[in-house]
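Numbered from 1 within each chain, the chains take letters A, B, ... in sequence-line order. These numbers come from the heavy atoms of this one structure, side chains and all, not from hydrogens, waters or symmetry mates.
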Amino acid sequence: MRTGLCGEVGLDDVGARVRLCGWVARRREHGEHLAFVDLRDRSGIVQCVVDTSVDLRSEYVVCVSGVVRRRPEGMENPNLETGEVEIGDCTVEVLSVAEPPPFLVEDRADVEEAVRLRHRYVDLRRPRMQANLRLRATVVSAIRRAMERQGFCEIETPLLWSPTPEGAREFAVPSRLHPGTFYVLPQSPQIAKQLLMVGGVDRYYQIARCLRDEDLRADRQFEFTQLDMEASFVTQDDVLGFVSEAVLDAAEAATGSRPPAIEQMSWAEALDRYGTDKPDLRIETAIVDLGEVFASSEVRALAAPAVKGLRVRGGSGTSRAALDALVERAKALGARGLAWFRVNEREGGGGSSLDSPLARVLSEEEREGLLRATGAAPGDLVLVVADEHRTACTVLGQLRVELAAKPVGEGPHRYVWVVQFPLFEAIGADGHPAAAHHPFTMPHPDDLDRIETDPLSVRSQAYDLVLNGWELGSGSVRIHRADVQARVFKALGVSDEDAESRFGFLMNAFRYGAPPHAGFAFGIDRLVAVLAGEESIREVVAFPKTQSGSDPLTGAPKPLPVSSLAELGIRIAGR
RNA sequence: GGACCUGUGGUGCAGCUCGGAGUGCACGCCGGCCUGUCAAGCCGGAGGUCGCGGGUUCAAAUCCCGUCAGGUCCGCCA
């Protein structure tokens, strides 16, 4: 039907007769017998010179036949990829007429989300969305090739799975053949892939759809896509290598340049220096320890298990009102308080002076120590939190991001592996710690003997992949030994009966010869969003849900007819 | 479950503090003019349940309460 794509016509084609199909993006008419029609398809836009009288409106679908010619001197359009040529001697066939679109099909049109989603098929015609969808395909393709090259085997796992309440809320699917019982849609293929390892698959991967019935966010949809992988007879470093290869290949395919090898950082260091387990390394400043500086301080506000500081470059101009707001913000984040120091040029030059309510009560050594430790210079602002170690770090970490946050599309892509997560999180109301990753995560071999005596100090062999402050994914070396698993379950307060009813089939499988195995999963939507410079993964999903989980295009979710409910053995409460 | 922002012709906004006739801007749309435009230009025109419901008031887009929708975030997301 066509000889090529609109966006690919160039000087090489001058003189060629072409047939192009697409949508009428714009038309500029000059009297009855001259019109410039911008024809758009997925590849871009090309100008067609139409000198016959045809009624062409926005978004009509047309087929244009004509001859590629160089534009007359001075008539080139440098803003257009195809701006040096145009299609002349055009005959136009209208394939489909169109009503005026609900909004302009152009990138610069800023339209409310609900309107875009209701007419997503129009929205998707915009160059930005076309580029995002194709970028996503490029990324997925590169990942597949990297995994295949490394000997991984793509295997599909069931969408209709067994309820194994474990963390995220699951979507339930009623069984028609067994009324009153349910399948669930998988939060991830976690257990299935571990069964595959027992099944001798050795190296599994899947571009897997995962479903979690949790509240939505800019970086969270009910359905999302992960590169899910698992391998047997491998170490943590092997897994990091496999995934790095896939991610770097994908980044290279997407951006044209290969990022440097992905660095590693311990979870403890991430907390200490960035106050979070997903540090945004584009922001230069890190949190510094001021414990020594204020070790013997007389200032009561700074007496605490930990004193941490953050330099805010160029922040000395921050107004008193804004500083008060920062203090309030720090308190809202859980800190006892927040001390601030505006760093100014010392009167008469030479050195720095501190402007702060605390400046007078600090000793000379403390003032100098503060400046030295933070590296602050005149023009900067220094924020200090004295509190429990974790609180001091997380509060300053949050302020660091809020004060210096960069748009997703700005700056380099800084990948980092965060390793050596703790095995357990804080003791819960039931007197037991919670699994930081999941209950099948292998403890760090050096920490095995502390599972019972000091569980919170036990490190795990779990790891996260972080990109510019976005958690892309996580994984771990799994427990394959029944004795270790039993100890971890015991520490978590999971009874034998509990373990049997929730994970019995996995534990059973392990009795028949479980290889040591480890794996990882990362969110492709998030990776693509960052690579595309988009703030929300909705921009890289063809048909996303709104924040309240509805789809303005289809109207989902909707009630089912009573007859359907009856067949499923379901009665809606309160009717 | 909670906090905040937004909702005004098809689209994006202004108007809202301090109530006084649906007032304005840009784009789009319709008609006319126009043979080198390219976010074409010029002239003319149409298009509104100010999200919805209630309250206050002589009078509500504007103030108050509720509610719905979209967004950002907290909780949640092993």
For this session: Please figure out whether A:Asn79 or A:Glu86 has its closest RNA chain B nucleotide nearer the 5' end.
Result: A:Glu86
Problem set entry | 5' priority, RNA chain B, between A:His33 and A:Gly74 [closest heavy atom] | A:His33
In plain terms, say whether [X] and [Y] are close enough for a salt bridge, that is, a side-chain N and a carboxylate O under 4.0 Å apart.
X: A:Asp38; Y: A:Arg26; answer: no
X: A:Glu471; Y: A:Lys278; answer: no
X: A:Asp219; Y: A:Arg526; answer: yes
X: A:Arg390; Y: A:Glu388; answer: no
X: A:Glu86; Y: A:Arg69; answer: yes

Problem set entry | Presence of A:Arg220 side-chain N/O under 4.0 Å of B:G75 phosphate oxygens OP1/OP2 | no
Exercise. Is the distance from OP1 or OP2 of B:U37 to the nearest side-chain N or O of A:Arg28 less than 4.0 Å?
Worked result: no
Whole-Å gap separating [atom2] ([N]) and [atom1] ([X]):
X: A:Arg118; N: B:G10; atom1: CZ; atom2: C1'; value: 12 Å
X: A:Asp219; N: B:C74; atom1: CG; atom2: C1'; value: 14 Å
X: A:Glu59; N: B:G10; atom1: CD; atom2: P; value: 19 Å
X: A:Leu333; N: B:G75; atom1: CG; atom2: P; value: 10 Å
X: A:Arg169; N: B:G75; atom1: CZ; atom2: P; value: 14 Å
X: A:Glu402; N: B:C74; atom1: CD; atom2: C1'; value: 12 Å
X: A:Glu214; N: B:G1; atom1: CD; atom2: P; value: 14 Å
X: A:Glu112; N: B:A69; atom1: CD; atom2: P; value: 13 Å

Residue [X] excluded, over 12 heavy atoms near [atom1] under 6.0 Å:
X: A:Glu410; atom1: CD; result: yes
X: A:Lys545; atom1: NZ; result: yes
X: A:Glu99; atom1: CD; result: no

For this session: With a 4.0 Å heavy-atom cut-off, tell me which residues in residues 539-553 of chain A come close to RNA chain B, sorted by residue number.
Result: A:Thr546, A:Gln547, A:Ser548, A:Ser550
Provide the distance between the two [atom1] atoms, one in [N] and one in [M], to the nearest whole Å.
N: B:C77; M: B:C4; atom1: P; result: 24 Å
N: B:A46; M: B:G51; atom1: P; result: 24 Å
N: B:G48; M: B:A40; atom1: C1'; result: 30 Å
N: B:G31; M: B:G36; atom1: C1'; result: 24 Å
N: B:U23; M: B:C34; atom1: C1'; result: 33 Å
N: B:C16; M: B:C64; atom1: C1'; result: 14 Å
N: B:G10; M: B:C65; atom1: P; result: 29 Å

Pairing check on [N]: which nucleotide meets the Watson-Crick or G-U wobble criteria with it, both distances under 3.5 Å?
N: B:C27; answer: B:G10
N: B:G66; answer: B:C52
N: B:G20; answer: B:C58
N: B:U37; answer: none
N: B:C42; answer: B:G32

Exercise. Parallel, tilted or perpendicular: which describes the rings of A:Trp417 and A:Phe520, with under 30° parallel and over 60° perpendicular?
Worked result: perpendicular
For this session: Would you please classify the geometry between the A:Phe503 ring and the A:Phe489 ring as parallel, tilted or perpendicular, with 30° and 60° separating the classes?
Result: parallel
Exercise. Side chains of A:Lys193 and A:His517: does their closest heavy-atom pair fall under 4.5 Å?
Worked result: no
At 4.0 Å (heavy atoms only), tell me whether [X] reaches a base, stays on the sugar-phosphate, or touches nothing.
X: A:Pro72; result: base
X: A:Arg526; result: nothing
X: A:Glu425; result: nothing
X: A:Glu73; result: nothing

Problem set entry | Audit row: A:Arg217, A:Asp215, salt bridge (charged side-chain N to carboxylate O under 4.0 Å, His left out) steps and yes/no | CA-CA 7 Å; A:Arg217 288 281 195 287; A:Asp215 288 358; 5.5 Å; no
Would you indicate which nucleotide in [options] comes nearest to any side-chain atom of [X]?
X: A:Arg217; options: B:G36, B:C73, B:G70; result: B:C73
X: A:Ser536; options: B:C38, B:U72, B:C77; result: B:U72
X: A:Asp215; options: B:U37, B:G75, B:U72; result: B:G75
X: A:Gln47; options: B:C76, B:U37, B:C77; result: B:U37
X: A:Leu34; options: B:G1, B:C73, B:G36; result: B:G36

Problem set entry | Donor-acceptor pair under 3.5 Å, A:Glu99 side chain vs B:G10 base | no
Problem set entry | Aromatic-base stack, A:Phe36 on B:U37, cutoff 5.5 Å, angle under 30 | yes
Exercise. What one-letter contact string describes nucleotides 24-34 of chain B from 5' to 3', where B marks a base within less than 4.0 Å of any protein heavy atom, S marks contact via sugar-phosphate atoms alone, and - marks no contact?
Worked result: ---SSSSS--B
Seminar exercise, completed: Sorted by chain and residue number, the side chain to side chain contact (heavy atoms under 4.5 Å, CB included) partners of A:Gln130 (sequence neighbours excluded) come out as A:Arg42
